[in-house]
Engineer: 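Next up is a structure, given as structure tokens.
Starting from 1, each residue takes its place in the sequence as its number.
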Amino acid sequence: MAGLRVIPGCRRGLHFGGTCGRRVTLQTTRQLRPLGQPGSSRRPYSATTASTPNGRGWGRNAFITSGALSLVGFGAGVMFGKGYYELMQPKAEWDLNTPNIPKAITYANRFEMLHAAEEIARLIGQDCVSYDSDVLEHHGHSDWSTSNSSERAVAVVYPRTTEDVSTIARICSKRKVPMIPFGAGSSVEGNFSQPYSGICIDFTNMNKVISFHPEDMDVVVQPGVNWVDLNNKIAHTNLFAPMDPSPTATVGGMVSTNCSGTNAFRYGTMKDWVLNLTVVLPDGQTVKTRRRPRKTSAGYNLTSLFVGAEGTLGIVTEITLKLAPIPQDTSVAVIPFPSINDAAAAATLLIRSGISGLAALEIMDDAQMAILNKHGSATVRQRRWQEKPTLFIKFSGTTEAIKSDISRVSSLVAPFSAHQPIFARSKKEEANLWAARKEALFTMVNIRPEGTEMWSTDVAVPISRLAEIITWSKEECSKLGIFASVIGHVGDGNFHVAMMYDPRNAGQKEAVGKTVKEMMRRALEMEGTVSGEHAIGIGKKGSLRDELGVETIGLMRALKRAVDPDWIMNPGKVFD
């Protein structure tokens, strides 16, 4: 091949280097399978170039004419000489000092990934590894989200201990196999998607409470523990973990995305409740971020580095959580408003009122309330809901304090709504009222028409701008001619928009995408954030760059490179 040099050791693509000062990476545009089998790819190759400091170029036509015939021989060698090899798209690693010059990252091919899975099975147990296609699909695709990738992991592994995870990491590190942690699969930004295939690590079997210290108000758990189950187990001690995300969520996933939920208004987000973490690094080393006291100023705050990192820096295997006392009493109020602007304005006033017993402040728009009447659970449909923008308010504290707080709330919201607030008169009614808010997302997913997808996104802004951005979002969604609903945690300035659209309708999909992008742009314009609690995943990488800037992303890349030089921990998430 005249004028070209094949760089050895590349299994995911051929890298050609010449005296022209550019390196070209040859990559396939889809997976390769043995010819003649279903899904066999005969699509052409494509080339991507990576500039070198001298900035000189190599013409595309020269590449095509020089390399085309050799590609045939290369393809045949892979297809027939190596059997089930797949060529996967290379990933770019970026230099902090020269951020525009990527260096190719090489991952194992499918054949080697399967060998890694077999080695893992021999060491931690054959029953801890699955190659079942349905299992792989479940772990690689989310109906909650449009942020999915077409690739799937070659296997799902089920460790039981930190030592098992360390074994998995050592094998994957040695073979350059991507590792993708998986909790409950309830995240919505493609956080567990597998754009470069690899091995998915499911923590279902790591669901133990390791130690419980009620006198210290903390608990040590494995990442597969469900937060609802945990609270049920420790309720007799009058303690609980106050985060309130999806009831399906597990603690590992909650740490990964720095989750919050309806209780964040009162209790903060996940980062505020994690004392320390045990983390397996990409090379298999195990570290503990700190010890167990409530406060420390010893060394870097490594705990916060891993909380919200989405599994891109290491694999969390143990979590020490702070716990809070269960409030003496709670209650719920539901208040309809004539418009979304009135509801948002009332929420802003309540937030600034200083009412200490407000534990949660949620909003649901008229479209969502109509869904409750038509498709809610039997419990929810016992009541006929007013199909208007509605605030759901949770109170906590002493019984007497809650009575006083209810009276103040009634007075404060009166100028914004002529509708009579509904206050729970019993514990059963309290649970039934709050169920309407907690079931909202599940209800939307269940009624999604066949063939449509749901685009769910969130932003957060300073509370003084909350009414403005919710009103704008509602108006823009109404122009799309599709189902769209606003719902969210307005108590901390965070809200969600869900839109159902037909992905086969290119115009509709583009319009939804533009609306979401503009919503994020406006949030940033208001000094807000593009993600209040969903994290970044693959769905918001571009918007994160808009929010933080190239320099901050460059620092993040440098931190990742320091602990994950081969870029094998959940690659493709947060940034490229």
Engineer: How about I371 and M444: do any of their side-chain heavy atoms sit closer than 4.5 Å?
Structural biologist: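 Answer yes - side chains close enough.
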
Engineer: At their closest point, which heavy atom of P223 faces which heavy atom of E318, and how far apart are they?
Structural biologist: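 P223 and E318 have their closest heavy atoms at CD-N, 4.4 Å.
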
Engineer: Does a side chain donor of either T262 or R437 reach within less than 3.5 Å of an acceptor in the other side chain?
Structural biologist: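 Side-chain D/A pair, T262 to R437: absent.
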
Engineer: Any side-chain heavy-atom pair from V274 and V255 closer than 4.5 angstrom?
Structural biologist: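 A side-chain contact exists here, since the closest heavy-atom pair is under 4.5 Å.
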
Engineer: So, does N263 use its side chain to make a donor-acceptor pair with the main chain of P242 at under 3.5 Å?
Structural biologist: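 A pair under 3.5 Å: yes.
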
Engineer: Is it true that, when you exclude R522 itself, more than 12 heavy atoms of the residues, nucleotides or ligands shown sit nearer than 6.0 Å to its CZ?
Structural biologist: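 For R522, atom CZ is crowded (more than 12 foreign heavy atoms under 6.0 Å).
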
Engineer: Please name the pair of heavy atoms, one in S543 and one in L524, separated by the smallest distance, quoted to 0.1 Å.
Structural biologist: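 Smallest interatomic distance, heavy atoms only, reads O-CD1, 4.3 Å.
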
Engineer: May I have the step-by-step check of side chain to side chain contact (heavy atoms under 4.5 Å, CB included) for R292 and D218, ending in yes or no?
Structural biologist: CA-CA 9 Å; R292 202 165 52 86; D218 67 53; 2.9 Å; yes

Engineer: Are L358 and I393 close enough that some pair of their side-chain heavy atoms sits under 4.5 Å apart?
Structural biologist: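 Yes, close enough: below the 4.5 Å cut-off.
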
Engineer: Going from CG on N341 to OG1 on T471, what distance comes out if it is rounded to the nearest 0.5 angstrom?
Structural biologist: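 Reported to 0.5 Å precision, the distance equals 4.0 Å.
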
Engineer: Taking distance alone, no hydrogens or angles, what donor-acceptor pairs closer than 3.5 Å link side-chain atoms of residues 179-189 to residues at least two apart or in another chain?
Structural biologist:
residue, atom, partner, partner atom, Å
S187, OG, N191, OD1, 3.2

Engineer: Counting N and O atoms only, with roles assigned by atom type, does the side chain of T390 sit under 3.5 Å from a partner on the main chain of K388, one being a donor and the other an acceptor?
Structural biologist: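 Here the side-chain-to-backbone pair exists.
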
Engineer: Starting from the C-alpha separation in whole Å, work towards a yes-or-no answer on side chain to side chain donor-acceptor pair (under 3.5 Å) for N301 and S304.
Structural biologist: CA-CA 6 Å; N301 187 355; S304 290; 3.1 Å; yes

Engineer: Can you see whether T379 engages S377 through a side-chain donor-acceptor pair at a distance of less than 3.5 angstrom?
Structural biologist: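 Distance-only check fails for T379 and S377.
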
Engineer: Nearest heavy-atom pair of G376 and R381: which atoms, and what distance?
Structural biologist: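 Shortest heavy-atom separation between G376 and R381 comes out as O-NE, 2.6 Å.
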
Engineer: Can you tell if the side chain of T312 reaches within under 4.5 Å of the side chain of K560, non-hydrogen atoms only?
Structural biologist: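 Contact flag for T312/K560 side chains = yes.
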
Engineer: Taking K541's backbone N and O only, do any of them form a donor-acceptor pair with K573's side chain (distance below 3.5 Å, no angle check)?
Structural biologist: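 Judged by distance alone, no pair lies under 3.5 Å.
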
Engineer: Can you find a heavy atom in the side chain of C477 that is under 4.5 Å from one in the side chain of M499?
Structural biologist: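 Answer yes - side chains close enough.
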
Engineer: What do the steps show when you test Q222 against T317 for side chain to side chain donor-acceptor pair (under 3.5 Å), and what is the final call?
Structural biologist: CA-CA 6 Å; Q222 290 183 313; T317 60; over 6 Å; no

Engineer: Going through the checks in order, is the side chain to side chain donor-acceptor pair (under 3.5 Å) test met by D365 and S485?
Structural biologist: CA-CA 6 Å; D365 69 1; S485 174; 3.1 Å; yes

Engineer: Could you grab the distance from atom CG of L350 to atom CZ of R352, nearest 0.5 Å is fine?
Structural biologist: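 Answer for the CG-CZ pair, L350 versus R352, is 12.0 Å.
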
Engineer: Which heavy atom of G491 sits nearest to which heavy atom of F265, and what is that distance?
Structural biologist: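 So the minimum-distance heavy-atom pair works out to O-CD1, 3.0 Å.
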
Engineer: Determine yes or no for a side-chain-to-main-chain donor-acceptor pair under 3.5 angstrom, with S417 supplying the side chain and P336 the backbone.
Structural biologist: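 Looks like yes, one N/O pair under 3.5 Å.
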
Engineer: Let me confirm one number: the CG-CG distance from D272 to L321, rounded to the nearest 0.5 Å.
Structural biologist: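 D272 CG to L321 CG: 12.0 Å, rounded to 0.5 Å.
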
Engineer: If the threshold is 4.0 Å, N to carboxylate O, is there a salt bridge linking D329 and K427?
Structural biologist: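 A salt bridge links D329 with K427.
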
Engineer: Determine, step by step, whether K438 and E362 satisfy the salt bridge (charged side-chain N to carboxylate O under 4.0 Å, His left out) criterion, reporting the C-alpha distance in whole Å, the side-chain angles of both residues, the deciding distance to 0.1 Å, and the verdict.
Structural biologist: CA-CA 10 Å; K438 291 300 291 182; E362 303 288 300; over 6 Å; no

Engineer: Taking atom types as modelled and ignoring hydrogens, do the side chains of N276 and T320 form a donor-acceptor contact shorter than 3.5 angstrom?
Structural biologist: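 The answer is yes; a qualifying pair exists.
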
Engineer: Of all the heavy-atom pairs spanning A249 and N226, show the shortest one and how long it is.
Structural biologist: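 Closest pair (atom of A249, atom of N226, distance): O-ND2, 3.0 Å.
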
Engineer: So does R291 have more than 12 non-hydrogen atoms from other groups sitting under 6.0 Å from CZ?
Structural biologist: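 No, CZ of R291 has 12 or fewer neighbouring heavy atoms, counting only those of other groups under 6.0 Å.
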
Engineer: Using side chain to side chain contact (heavy atoms under 4.5 Å, CB included), reason through T515 and L480 one step at a time and then give a plain yes or no.
Structural biologist: CA-CA 9 Å; T515 299; L480 296 175; 3.6 Å; yes

Engineer: To the nearest 0.5 Å, what is the distance between CG on D366 and CE on M364?
Structural biologist: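 Spacing of CG (D366) from CE (M364) equals 11.0 Å.
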
Engineer: Assess the side chains of D342 and S339: does a donor N or O sit below 3.5 Å from an acceptor N or O?
Structural biologist: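 Indeed, the side chains of D342 and S339 share at least one donor-acceptor pair under 3.5 Å.
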
Engineer: Once you measure the plane-to-plane angle for F575 and W567, does it fall in the parallel (<30°), tilted (30-60°) or perpendicular (>60°) bin?
Structural biologist: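 It falls in the perpendicular class, over 60°.
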
Engineer: For W227, which of N231, V225, D229 qualifies under side-chain contact (heavy atoms from CB on, under 4.5 Å)?
Structural biologist: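 Exactly one option meets the side-chain contact (heavy atoms from CB on, under 4.5 Å) with W227, and it is N231.
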
Engineer: Between K514 and E510, does any NZ, NE, NH1 or NH2 come within less than 4.0 Å of an OD or OE carboxylate oxygen?
Structural biologist: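 Result for this pair is yes, salt bridge flagged.
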
Engineer: To the nearest 0.5 Å, what is the distance between CZ on F192 and NE2 on H139?
Structural biologist: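 So the CZ of F192 and the NE2 of H139 are separated by 9.0 Å.
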
Engineer: Mark yes or no for whether N258, through its side chain, and K271, through its backbone, hold a donor-acceptor pair below 3.5 Å.
Structural biologist: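 Present.
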
Engineer: Side chain to side chain contact (heavy atoms under 4.5 Å, CB included) for V221 and L230? Distances and angles first, verdict last.
Structural biologist: CA-CA 9 Å; V221 300; L230 173 64; 4.2 Å; yes

Engineer: With a 4.0 Å cut-off on N to O distance, would you call D546 and R521 a salt bridge?
Structural biologist: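 No.
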
Engineer: Indicate yes or no: at least one non-hydrogen side-chain atom of Q194 is less than 4.5 angstrom from one of P178.
Structural biologist: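 Q194 does not reach P178 side chain to side chain.
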
Engineer: Quick check: are there more than 12 heavy atoms from other residues, nucleotides or ligands sitting under 6.0 Å from NZ of K517?
Structural biologist: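 No, the 6.0 Å shell around NZ holds no more than 12 heavy atoms from other groups.
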
Engineer: Is it true that E453 and R504 have a side-chain N and a carboxylate O under 4.0 angstrom from each other?
Structural biologist: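 Salt bridge absent between E453 and R504.
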
Engineer: Below 4.5 Å, heavy atoms only, C-beta onward: do W472 and E518 meet side chain to side chain?
Structural biologist: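 Yes, side chains in contact.
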
Engineer: Do any N or O atoms from the side chain of N207 and from the backbone of G224 form a donor-acceptor pair under 3.5 angstrom?
Structural biologist: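 No: the side chain of N207 does not pair with the backbone of G224.
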
Engineer: Determine whether T457 and K540 satisfy the following criterion, side chain to side chain donor-acceptor pair (under 3.5 Å), listing intermediate values before the conclusion.
Structural biologist: CA-CA 9 Å; T457 191; K540 292 186 173 182; 3.2 Å; yes

Engineer: Do T443 side-chain atoms and E439 backbone N/O form a donor-acceptor pair below 3.5 Å?
Structural biologist: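 Here the side-chain-to-backbone pair exists.
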
Engineer: Checking T257 against M270 for the side chain to side chain contact (heavy atoms under 4.5 Å, CB included) test, could you report, in this order, the C-alpha distance in whole Å, the side-chain angles of both residues, the deciding distance, and whether it holds?
Structural biologist: CA-CA 9 Å; T257 58; M270 193 67 180; over 6 Å; no

Engineer: Would you mind writing out the side-chain donor-acceptor pairs for residues 532-539 within the sub-3.5 Å range, not counting sequence neighbours?
Structural biologist:
residue, atom, partner, partner atom, Å
E533, OE1, S260, OG, 2.5
E533, OE1, G261, N, 3.1
E533, OE1, H489, NE2, 3.4
E533, OE2, H489, NE2, 2.7
E533, OE2, H496, NE2, 3.0
H534, ND1, D458, OD1, 3.3
H534, NE2, H496, ND1, 3.2

Engineer: List the atom of G451, the atom of D502, and the distance in Å for their closest heavy-atom pair.
Structural biologist: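 Closest approach of G451 to D502, heavy atoms only: O-OD1, 3.8 Å.
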
Engineer: Tell me if the CD atom of E527 is crowded by more than 12 foreign heavy atoms within 6.0 Å.
Structural biologist: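 Open.
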
Engineer: Do V334 and W385 have side-chain heavy atoms sitting under 4.5 Å apart?
Structural biologist: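 Yes; the side chains approach each other to less than 4.5 Å.
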
Engineer: For the atom pair OG1 (T398) and NZ (K403), what is the distance rounded to the nearest 0.5 Å?
Structural biologist: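 So the gap between those two atoms works out to 10.0 Å.
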
